[in-house]
Amino acid sequence: MAAPVVDRAAVDETALQQQFDATVAADRRIEPRDWMPEGYRRTLVRQIAQHAHSEIIGMQPEGDWLLAAPSLRRKAILLAKVQDEAGHGMYLYSAAETLGADRADLTDKLIERKQKYSSIFNYPTLTYADVGVIGWLVDGAAICNQVPLCRSSYGPYARAMIRICKEESFHQRQGYELLMTMMGGTPEQRAMVQDAVDRWWWPSLMMFGPPDDDSPNTAQSMAWGIKRHTNDELRQRFVDMTVPQAQVLGVTLPDPDLALDEETGHWRYGPIDWSELKRVISGDGPMNAVRIARRRAARDDNAWVVEAATAYARKHSGGRPAGEHA
Ligand SMILES: [Fe+2]
Ligand SMILES: [Fe+2]
């Protein structure tokens, strides 16, 4: 009798998949050298790259105000904040590299519009009050999104998020403090704050992505432990956190339907214009072209720095490519 034919590769793959599933189910971390399903790796690279791109592109709207900050103190705060965002981008590109992605390639994909970044950064910053409102609402929304990611199933991503979240909470507080100061100022300053809130409120709610019934990847990402809550859950958490802060600040949120549901304790909000989100994500927001053109210029204008540093590293490593150790 012939011995049964065993497909060794298939058996190994099944065992590896079981080990992966058990690790995720036990809420332990997957590390770079662990086996992982190809879809998990691809989803993570896409999500981490999109997150990294958002940090880097997100430097632009506020960076526009660095030379026009109203005082040395405000300039120092804003500079620190914008530099933090650059650092966040760097941690995240490093996390993507542990999955086999190449940083320069990810940047090229961003510039060629093959990868996305957060829709929120495609809106302009019209006054200094926008700096405060971005800190309060945009960094506040980022915190709601990112705190659960500190428990992401992928180790390097989860660890990067812990430090990022600490810095995001500083960002939110500096924004709120700036707005409190302006609300205690002149009627013109108060009007600037209200105008900025009116412009940023709805785009901030859109930051959480499409509604759950139009978010096809959510179920798989939650099963993999990459995502911990749905878009609508996080959006609700943000609204519940923000409404009382708006009351303390003395601004009106531009939504006539906003009302406390006494039974659930949640603030109910009016319908979101999803066509606007689709338009902005597909490249047709007020600032998409400017954001990408600047990122492209930064890459091209600074290519010589990369070339010089690479040549220097090669010279001092005895001709081996940069990053390769003896
Ligand atoms: Fe950030
Ligand atoms: Fe931030």
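Count residues from 1 along the sequence. These values consider heavy atoms only, across backbone and side chains, with no hydrogens, waters or symmetry-generated copies. When a ligand or atom number is given, it counts from 1 through the structure's own listing order.
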Q. Protein N, O or S atoms less than 2.8 Å from the Fe ion (ligand 2), ignoring waters?
A. E85 OE2, D139 OD1, E168 OE1, H171 ND1

(Q) Any side-chain to backbone donor/acceptor pair from T242 onto V239? Under 3.5 Å, distance only. (A) no

Q) Does a side-chain N-to-carboxylate-O contact under 4.0 Å join R228 and D27? A) yes

Q. Is T218 reaching over with its side chain to a backbone N or O of T230, donor-acceptor style, under 3.5 angstrom?
A. no

Q.
Apply side-chain contact (heavy atoms from CB on, under 4.5 Å) to residues R151 and R29 and explain how you reach the verdict.
A. CA-CA 9 Å; R151 294 187 297 114; R29 302 287 162 260; 4.2 Å; yes

Q) Taking ILVMFWY side chains as joined if any heavy atoms are under 4.5 angstrom apart, and letting links pass through other members, which residues group with V147? A) I143

Q) Parallel, tilted or perpendicular: which describes the rings of F238 and F208, with under 30° parallel and over 60° perpendicular? A) tilted

